[in-house]
There are 2 protein chains.
Amino acid sequence: MEQIEKLPERHRLLRKLESITDLTEAERQALMELPVHLREFEAGHDIVRAGDRPQASCLILSGFVCRYMLLSDGRRQIVAFHPPGDIPDLQTLHLKTMDHNVGTMAPTTAAFIPHEHLHRLTQQHPGLLHAFWRETLIDAAVFRAWLVSLGRKTAHERIAHLLCEMAMRFASVGLAEDHSYQMPVTQGDIADALGLSNVHVNRVLQDLRRDELIHWRRNTITVLNWKALEDLAGFDPGYLHIRPPALKQ
Amino acid sequence: MEQIEKLPERHRLLRKLESITDLTEAERQALMELPVHLREFEAGHDIVRAGDRPQASCLILSGFVCRYMLLSDGRRQIVAFHPPGDIPDLQTLHLKTMDHNVGTMAPTTAAFIPHEHLHRLTQQHPGLLHAFWRETLIDAAVFRAWLVSLGRKTAHERIAHLLCEMAMRFASVGLAEDHSYQMPVTQGDIADALGLSNVHVNRVLQDLRRDELIHWRRNTITVLNWKALEDLAGFDPGYLHIRPPALKQ
DNA sequence: CGCAGCCTTGAACTCCGTCAACTTCCGTGG
DNA sequence: CCACGGAAGTTGACGGAGTTCAAGGCTGCG
């Protein structure tokens, strides 16, 4: 099921970019005129694989994806989660060969934007070039925050930090209400993201629920006590470089 | 001790950029004409601190620096090492506020390049803009590789991986010979980079020396058995995106 | 209503951390 | 040239956060 058309649900991409940068009206217009290939994927499908040399980058319109790497013996490390509005393989604009995989964690709609169009767009609108560059830099800032988690934080702190981060990122694109958001991941996925075992993730989550820091039912996560969770995590949202107006709505 | 002049030792920056991208003669020329502020630092000095909003980025000419973050209780996580030729805070071009520190691990000479000059340079030479963007993307690829290490690798694998990575990166700028390079770090620094304790790093290094995988004397690291170290680490240099010619010399 | 994937629980184990002492190394100054 | 001091490397004993293994329970979907 593939079609070529203009960006639908454009508000999500605009919202994402406007949460991290300023856009002019001309830039908004140009983004909306982008021709894209729309594709739908089931949960558990690899959109891009390590070793691929994609000619297009994929904008997530709905659903949820992760980026992950596999070791030869099957160990898996998830290195990033991406809510709608993100472009998880934007880097392929300048790093031609993928060194990791992008996989869906839920039914997902993606808009593939050919690199040639992105290059033309950024030539005509230097502001957008800086916005995209900035997005890849924030990506890297998130990696650094995860490194601190995996390297120097306890299991409780790591999980609390991930839940805080995802709350902020969902909120910045308008997908969270009352500290509640939909994140379709299993406890095993959390374990592979945070360098833990699924058994231990389970036990820590029970602690967090018992202490009434969070509520987790199906895919819906609700932060019940933001202050306590933030303190536990040592969470400081500065690294996300989200502009304040994006969070007030 | 501060002076304004053109880039000295320019071959190191050029070498770095040419190890990851193609440059035209005009671009080489423009890089050599860049006006910079030269500064020297002792070991253990912070060049940039979290919260700073620098107006210039620093190119490392000689010495060795790391990027690190501190938790409120003193725990430290080193998130990157940078040999000469690197620009550790290149990201401040588009992320104005630093979310981590850049500190020297040895006496270091840095060339500060004002952002306004970098912006002018990249306007006149789009090839250089792509080269710099590409450098920040490779930076992020290294973060991902570290995430896999910290999340899913044993202490032996982590240390082996770091030694392989640094060997490649020193070699790519001409600072390694016969799998031997100078890296001025303590075992405690390695521990803070890999999420281990200094005691455990010490024991693992003893294993690696006993098995004759490496030799480490003062600051000089020599890889004695590259194949074995690479296998132990699960090291695949693809993520560094170094162009093959850069490694043959 | 049955199955498959996920969650949950318990018990045993281990890798790695912590603590504390000791040694080696090297730069400095007498 | 040697004595000194501090930082880094080394060692052993002990403890704990988190893993592994294995079994059982839940739940949502076909």
Side-chain angles (χ1 to χ4, degrees), chain A residues 42-45 64 66 71 73-78 103-107 149-162 182-210 214-221 232, chain B residues 42-45 64 66 71 73-78 103-107 149-162 182-210 214-221 232:
Chain A
E42 298 177 352
H45 183 273
F64 196 64
C66 74
L71 301 187
D73 62 357
R75 282 175 288 181
R76 177 176 72 145
Q77 177 65 42
I78 291 176
T104 61
M105 320 207 63
S149 262
L150 299 208
R152 286 296 179 228
K153 289 188 178 173
T154 67
H156 285 77
E157 293 168 337
R158 286 183 216 183
I159 292 182
H161 194 277
L162 178 63
Q182 306 267 120
M183 187 165 70
V185 298
T186 68
Q187 296 183 357
D189 297 328
I190 303 283
D192 281 344
L194 300 183
L196 299 167
S197 68
N198 53 357
V199 173
H200 200 59
V201 167
N202 181 276
R203 289 177 173 138
V204 172
L205 284 177
Q206 288 181 50
D207 289 345
L208 297 183
R209 286 185 301 222
R210 177 176 41 75
I214 62 165
H215 181 85
W216 191 323
R217 160 93 190 166
R218 295 278 293 149
N219 294 331
T220 304
I221 297 167
L232 171 58
Chain B
E42 298 177 353
H45 183 274
F64 196 64
C66 74
L71 301 187
D73 61 358
R75 282 175 287 180
R76 178 176 70 144
Q77 177 65 42
I78 291 178
T104 62
M105 322 207 62
S149 261
L150 299 209
R152 285 298 178 226
K153 288 187 179 173
T154 67
H156 285 77
E157 293 168 337
R158 285 183 217 182
I159 293 183
H161 195 276
L162 177 64
Q182 306 267 118
M183 186 164 72
V185 298
T186 69
Q187 296 182 357
D189 296 328
I190 302 283
D192 281 343
L194 300 183
L196 300 166
S197 69
N198 53 357
V199 173
H200 200 61
V201 167
N202 181 277
R203 291 181 169 132
V204 171
L205 284 177
Q206 288 182 50
D207 289 344
L208 297 183
R209 286 186 300 224
R210 176 175 42 73
I214 63 164
H215 181 85
W216 191 323
R217 160 94 190 163
R218 293 279 291 148
N219 294 332
T220 304
I221 297 167
L232 171 58

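Every chain is numbered from 1 and lettered A, B, ... according to where its sequence line falls, protein lines coming before strand lines.
If you take CG of Asp192(B) and C1' of dA8(D), they are 14 Å apart, rounded to a whole angstrom. Atom NE2 in His156(A) sits roughly 8 Å away from atom P in dG18(D) (whole-Å rounding). Leu196(B) has its CG atom 16 Å from the C1' atom of dG16(D), to the nearest Å. In this structure, Asp207(A) atom CG and dA17(D) atom P are separated by 12 Å, rounded to whole Å. Here dC21(D) presents its P atom at 12 Å from CG of Asn198(A), a figure rounded to the nearest Å. Note: CG (Leu194(A)) to C1' (dA17(D)) measures 15 Å, nearest angstrom. Distance, Ile159(A) CD1 to dG18(D) C1': 12 Å, rounded to whole Å. Atom P of nucleotide dG9(D) and atom CG of Asn202(B) are separated by 8 Å, given to the nearest angstrom.
Here the straight-line distance linking atom NE2 of His156(B) with atom NE2 of His200(B) works out to 6.5 Å at 0.5 Å rounding. Note that CD1 of Ile214(B) and CD1 of Ile221(B) are 7.0 Å apart. Values are rounded to the nearest 0.5 Å. The distance from the CD1 atom of Ile159(A) to the CD atom of Glu157(A) is 11.0 Å, given to the nearest 0.5 Å. Note that the CZ atom of Arg152(B) and the CG atom of Asp192(A) stand 4.5 Å from one another [nearest 0.5 Å].
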- prompt: Can you check side-chain contact (heavy atoms from CB on, under 4.5 Å) on Val201(B) and Leu194(B), steps first, answer last?
  reply: CA-CA 9 Å; Val201(B) 167; Leu194(B) 300 183; 6.0 Å; no
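Across the interface with DNA chain C, nearest-nucleotide mapping of Arg152(A) and Leu205(A) shows Leu205(A) to be the residue nearer the 5′ end. Along DNA chain D, the nucleotide closest to Arg218(A) and the one closest to Thr154(A) are compared, and the more 5′ of them pairs with Thr154(A).
Met183(A) places none of its side-chain heavy atoms less than 4.5 Å from the side chain of Asp189(A). When side chains are defined from C-beta on, Val204(B) does not count as touching Leu196(B), because their heavy atoms never get closer than 4.5 Å. In this structure, the side chains of Ile190(A) and Leu205(A) stay at 4.5 Å or more apart for every pair of heavy atoms. By the 4.5 Å heavy-atom criterion applied to side chains, Arg158(A) and His161(A) are not counted as neighbours.
Judged by distance alone, with hydrogens and angles left aside, Arg203(B) brings no side-chain donor or acceptor close enough to the base of dG9(D) to form a pair under 3.5 Å.
Residue Arg75(B) is out of contact with every strand shown, counting any heavy-atom pair closer than 4.0 Å. As judged by a 4.0 angstrom heavy-atom cut-off over every strand, Gly195(B) is placed among residues touching the sugar-phosphate backbone only. Residue-level contact check: Ser197(A) touches the bases, meaning some heavy atom is under 4.0 Å from a base atom.
Of all the heavy atoms in Met105(B) and Cys66(B), the pair that sits closest is SD-CB, 3.5 Å.
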Please list, for nucleotides 4-6 of chain D, all pairs of protein and nucleotide N/O atoms separated by less than 3.5 Å.
none

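Distances shorter than 4.0 Å separate none of the side-chain N or O atoms of Arg217(B) from OP1 or OP2 on dG9(D).
On the nucleic acid side, DNA chain C has its first and last nucleotide under 4.0 Å of a heavy atom of chain A at dC6(C) to dA11(C), going 5' to 3'.
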